[in-house]
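So that the names make sense, note that chain A is the first sequence line, chain B the second, and so on, each numbered from 1.
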Amino acid sequence: MTDRLLSVQNLRVTFGNRDVLRELNFEVFSGDCLAIIGPNGSGKTVLLKALQHLIPYEGEIHWSQEARVGYVPQSVAADRQLPLRVTELLEAKARFLHLADEEMEQVSSELNLSPEFLSACIGTLSGGQFQKVLIAFAMLGRPNVLLFDEPTASLDELSQERIYELVHELQSQKGITVILVSHDLSIVYRYANRVLCLTKGKPCIGPPNEIMTPQMLEELYGAPSKYYRHIQEH
Amino acid sequence: MDTSHSYAILLAAFFAIAAGLVGSVALMKRMVLASDVISHLALPGLGIAYLLKSNPLVGGGATLFLGTLLVWQLQKKTGLATDSSIGVVFAASLGIGALLTPNEDLLEALFGNFEKLSLFGFLLGTAAVILIVAFVVQMKDRLILNLFSPDLASATGVNVAHLDLGFLLVFSLTVLVGLRFMGALLSSALIIIPAATARQLAGKMTEFVVVACALSLVSVAAGFLVSTLIFKTSTVGPSIVIVSVLLFAMSLITKK
């Protein structure tokens, strides 16, 4: 039986008088790739932040003792003019967490980070390279769960493909559990084994082919389900 | 030159180093406006101290630290990048300070005065500088993570709110050390301008911080010499600021 890593019960997050998330119940098991889908403003990013206890919430979020969580945010409002090299950023995290020196080398080798890449200033990196830095940052500390918040927003198609291949490799080869927020339904269909759908009504969770029905997608995004059918044909 | 003058000069040099260090972080945190306002928070306290004929640094320090807590709360509660609320705090402290400070002391409160310094004052100032440097060195990794992304820093386990408060207090302490000879208006200038200059010249973080400290030191030394040798005045703040602004202008020309 697979281990349960996360249990969420009656989760509710409110901003002012507005319920962003309510009556949310789900579980995540070791090895899962759970995709969170929903229209803009449905609370996907809020959910990832609540899962890390970064914002106030009601209800229960229980991580198992074995869970070590890494987080790759949607975007980082970092000043691209910061005189900060990739290696300085990663070393700062490694020192703060008192990680062994080998861990930096291991992450660099796993993600194929070259010495030139490591010594580059973050301001000089392309969108795809910057995203790779965020993944490397999340990988320090040997996480067995990675939370991705639209990791490829604002990237070109080739970079998107590379990032998702990397995510898939981490999941399949290293057995990392992935919780992924994505608007890209083809990616969700390709990689996720479970889908959590945040709707205005009651949230639902299940395998992609059960959750991502044309009716559900039309309800979610208010558009016909052409995209879904297109994926099905491939 | 007697020993008390040497103490004052030495403390000015220590202040310059602390200002360069703290200024580099403030610039990278993009909190230059907030920092500038913080130094003005000392003015009402200076005014009260002058009125009561007590030590201006005690009064200035008291309102400085109270004001810092106010700025921190405004940042934390409102989530503002501080603009409007800080503008109000700035105007209020300047108004109250100018109203309370006796006319004959106003110039000194605003622009400082380079006077003799007792051994006790020197030791107190030096202890403050050691505390400032120790904070930045000790918190270096947390500061880097927070500079990159407060969200990621929190997710990594950094208590960002406490770190921000710690940094604001350290910033206030730096202003307080420089208050005596730079005044409430100009104290923050030496924290901000050398760092802005260094940013033009250095590409790497360590290089940036070292250059900021060096430029701050050069500004203090050159400003002090210009004031005493050319203008024959003990109000050294304006000369120091002018030197640092000239260095900034030169950096724009030589920007790599």
Side-chain angles (χ1 to χ4, degrees), chain A residues 15-16 45-46 48-56 63 68-99 118-125 130 133-141 143 145-149, chain B residues 20-21 23-32 76-81 136-163 194-213 215 251 255-256:
Chain A
F15 287 163
T45 298
V46 167
L48 288 195
K49 289 193 174 179
L51 291 181
Q52 297 169 88
H53 314 294
L54 295 178
I55 53 172
W63 288 98
R68 296 181 306 281
V69 181
Y71 173 47
V72 182
Q74 184 176 21
S75 61
V76 165
D79 178 2
R80 288 298 194 106
Q81 300 301 312
L82 263 185
L84 181 65
R85 290 181 296 160
V86 175
T87 187
E88 287 172 327
L89 174 69
L90 299 180
E91 281 168 4
K93 181 177 178 183
R95 275 194 304 264
F96 176 68
L97 294 179
H98 306 290
L99 303 178
L118 287 168
S119 61
C121 265
I122 55 161
T124 62
L125 301 177
F130 192 77
V133 172
L134 293 182
I135 295 175
F137 187 91
M139 288 295 291
L140 281 172
V145 184
L146 279 177
L147 309 183
F148 286 95
D149 190 356
Chain B
L21 202 58
S24 316
V25 180
L27 192 88
M28 289 188 284
K29 275 175 80 69
R30 292 197 236 176
M31 53 168 286
V32 167
K76 207 172 110 181
K77 300 271 188 218
T78 63
L80 288 176
V136 176
V137 171
Q138 189 67 29
M139 295 291 153
K140 189 182 113 192
D141 294 329
R142 289 174 174 83
L143 287 168
I144 289 175
L145 296 175
N146 194 28
L147 283 173
F148 181 67
S149 161
D151 265 359
L152 278 182
S154 291
T156 307
V158 176
N159 189 329
V160 170
H162 286 177
L163 185 67
T197 313
R199 189 65 201 91
Q200 305 290 328
L201 302 171
K204 294 173 186 167
M205 189 166 281
T206 317
E207 202 178 288
F208 166 50
V209 174
V210 170
V211 172
C213 292
L215 288 170
S251 76
K255 185 180 179 182
K256 61 181 187 179

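Heavy-atom pairs under 4.5 Å with chain B were tallied for H53(A), Q52(A), E88(A), E91(A); the largest tally goes to E88(A). Contacts with chain A were tallied for L143(B), V158(B), L147(B), T206(B); V158(B) has the most, counting heavy-atom pairs under 4.5 Å.
Interface remark: L89(A) contributes backbone and side-chain atoms alike to the contact with chain B (heavy atom separation under 4.5 Å). If you measure heavy-atom distances from L140(A) to chain B, you find no contacts under 4.5 Å at all. Of the atoms belonging to L97(A), it is side-chain heavy atoms, and not backbone ones, that fall under 4.5 Å from chain B. Contacts of I122(A) with chain B are made by side-chain atoms alone, with heavy-atom separations under 4.5 Å and no backbone atom involved. If you measure heavy-atom distances from F148(B) to chain A, the contacts under 4.5 Å come from both the backbone and the side chain.
Of the possible donor and acceptor atoms, none in the side chain of T124(A) sits under 3.5 Å from a partner among the backbone N and O of A120(A). Here the side chain of K93(A) pairs a donor or acceptor atom with the backbone of F137(A) at under 3.5 angstrom. Put simply, the side chain of R199(B) gets close to the backbone of A202(B): a donor and an acceptor are under 3.5 Å apart.
If you take CZ on F96(A) and CD1 on I144(B), they are separated by 12.5 Å, rounding to the nearest 0.5 Å. Taking OG1 from T156(B) and CG from L152(B), the interatomic distance works out to 6.0 Å, rounded to the nearest 0.5 Å.
Summarising the local packing, NZ of K49(A) is surrounded by 12 or fewer heavy atoms from other residues, nucleotides or ligands at distances under 6.0 Å.
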